[in-house]
Every structure is written in structure tokens, then in C-alpha cells.
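Some notes on the structure that comes next.
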Amino acid sequence: MVMEVGRVCIKIAGHEAGRRCVIVEQLDNNFVVVSGVGVKRRRCNIAHLEPTDKKIDIQRGASDEEVRRALEAAGLS
């Protein structure tokens, strides 16, 4: 599964493990910036993410509020 902006993922490591997040920016081949409801915006190793088949339509670098609204609109929050 491709790690791209808008891809909904589940964190599998760290204190936010099990929570749903969205990729808002791709930094390089190993790191992305994620944000979500109950997930603080931060850099994350892609090895700590499990991508889902869902993708929401957001722009690169979208604000936390835009991510929250897009998740709610898709029924994923």
C-alpha cells in the first residue's frame, strides 16, 4: 500500500498505538507527518504505521482542523 497524503493509517507503535491517523505530508522514504483525532501532529516512521484501504481528500500540509473535518465527513472519526 502506498504511503501518500490523505492515506488513513493505524498507528502500531508508541503511546498512540491503535489510533487512526492520516498522512498529511511525506518527508522522505521512511518518515511522514501524521495527524488525526486523538493523534498529535508529528513526524512518524512508516514502519510504525499500518495503512488502510481508505483515503481522504486533503491537501499536503492540511491543518489539524481540516483533517478532523475530512475524517468526520468520511465517517472515520
Side-chain angles (χ1 to χ4, degrees):
M1 185 93 28
V2 178
M3 294 296 203
E4 59 194 344
V5 172
R7 176 68 58 196
V8 178
C9 299
I10 306 220
K11 292 196 76 174
I12 57 174
H15 68 279
E16 295 170 334
R19 295 197 181 168
R20 194 173 288 149
C21 62
V22 178
I23 296 174
V24 294
E25 192 170 337
Q26 184 161 4
L27 300 176
D28 58 27
N29 290 335
N30 295 318
F31 291 95
V32 294
V33 176
V34 296
S35 181
V37 178
V39 176
K40 185 177 176 182
R41 177 182 289 251
R42 68 179 73 213
R43 184 178 81 146
C44 182
N45 191 320
I46 62 170
H48 298 163
L49 297 173
E50 181 178 325
T52 65
D53 59 345
K54 296 172 179 60
K55 185 171 185 266
I56 60 173
D57 186 30
I58 60 169
Q59 301 245 341
R60 181 177 190 243
S63 71
D64 293 340
E65 183 63 26
E66 290 171 324
V67 170
R68 185 188 62 77
R69 278 191 303 231
L71 283 170
E72 287 176 355
L76 298 172
S77 62

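We count residues from 1, following the sequence as given. Only this structure's heavy atoms are used, side chains among them; waters, hydrogens and symmetry mates stay out.
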- Message: Would you compute the distance between atom CZ of Arg19 and atom CD1 of Ile12 and round it to the nearest 0.5 angstrom?
- Response: 16.0 Å
- Got a second to check how far Lys40's NZ is from Asp64's CG, nearest 0.5 Å? 10.5 Å
- Between SG on residue Cys9 and CD1 on residue Ile46, distance to nearest 0.5 Å: 9.5 Å
- Which atom names give the shortest non-hydrogen contact between Cys44 and Lys11, and what distance separates them? SG-CE, 4.0 Å
- Task: Is it possible for you to say whether Phe31 and Val33 belong to one hydrophobic cluster, with membership spreading through side-chain heavy-atom contacts below 4.5 Å?
- Result: yes
- Message: Does Gln59, at its CD atom, have more than 12 non-hydrogen atoms belonging to other residues, nucleotides or ligands within less than 6.0 Å?
- Response: no
- Are Arg20 and Val39 close enough that some pair of their side-chain heavy atoms sits under 4.5 Å apart? no
- Item | Sub-4.5 Å side-chain heavy-atom contact between Val67 and Val24 | yes
- Message: So, taking the atom named CD1 in Ile23 and the one named OG in Ser35, what distance separates them when rounded to the nearest 0.5 Å?
- Response: 12.0 Å
- Query: So, are Glu4 and Arg7 salt-bridged, with charged N and O less than 4.0 Å apart?
  - Reply: yes
- Message: I'd like to know if Glu65 pairs up with Arg68 as an ion pair, taking the criterion as any Lys NZ or Arg NE/NH1/NH2 lying under 4.0 Å from an Asp or Glu carboxylate oxygen.
- Response: yes
- Step through the shown structure and confirm whether more than 12 heavy atoms of other residues, nucleotides or ligands are within 6.0 Å of CG on Asn29. no
- Task: Test Arg43 against Leu27 for side chain to side chain contact (heavy atoms under 4.5 Å, CB included), laying out the working first.
- Result: CA-CA 8 Å; Arg43 184 178 81 146; Leu27 300 176; 3.6 Å; yes
- Message: Within this structure, what is the SG-CG distance for the pair Cys21 and Leu71, rounded to the nearest 0.5 Å?
- Response: 9.5 Å
- Check whether Val5 and Ile10 end up in the same hydrophobic cluster, where Ile, Leu, Val, Met, Phe, Trp and Tyr are linked by side-chain heavy atoms less than 4.5 Å apart. no
- Count the heavy atoms of every other residue, nucleotide or ligand shown that sit under 6.0 Å from CG of Asp28, and state whether that count exceeds 12. yes
- Do you know the tightest heavy-atom contact between Gly61 and Glu25? CA-OE1, 4.3 Å
- Should Ile56 and Val8 count as side-chain neighbours, where that means a heavy-atom distance under 4.5 Å? yes
- Note on the structure: CD (Glu66) and CD1 (Ile58) are apart, to the nearest 0.5 Å, by 8.0 Å
- Residues Gly38 and Glu16: closest non-hydrogen pair is O-OE2, 3.9 Å
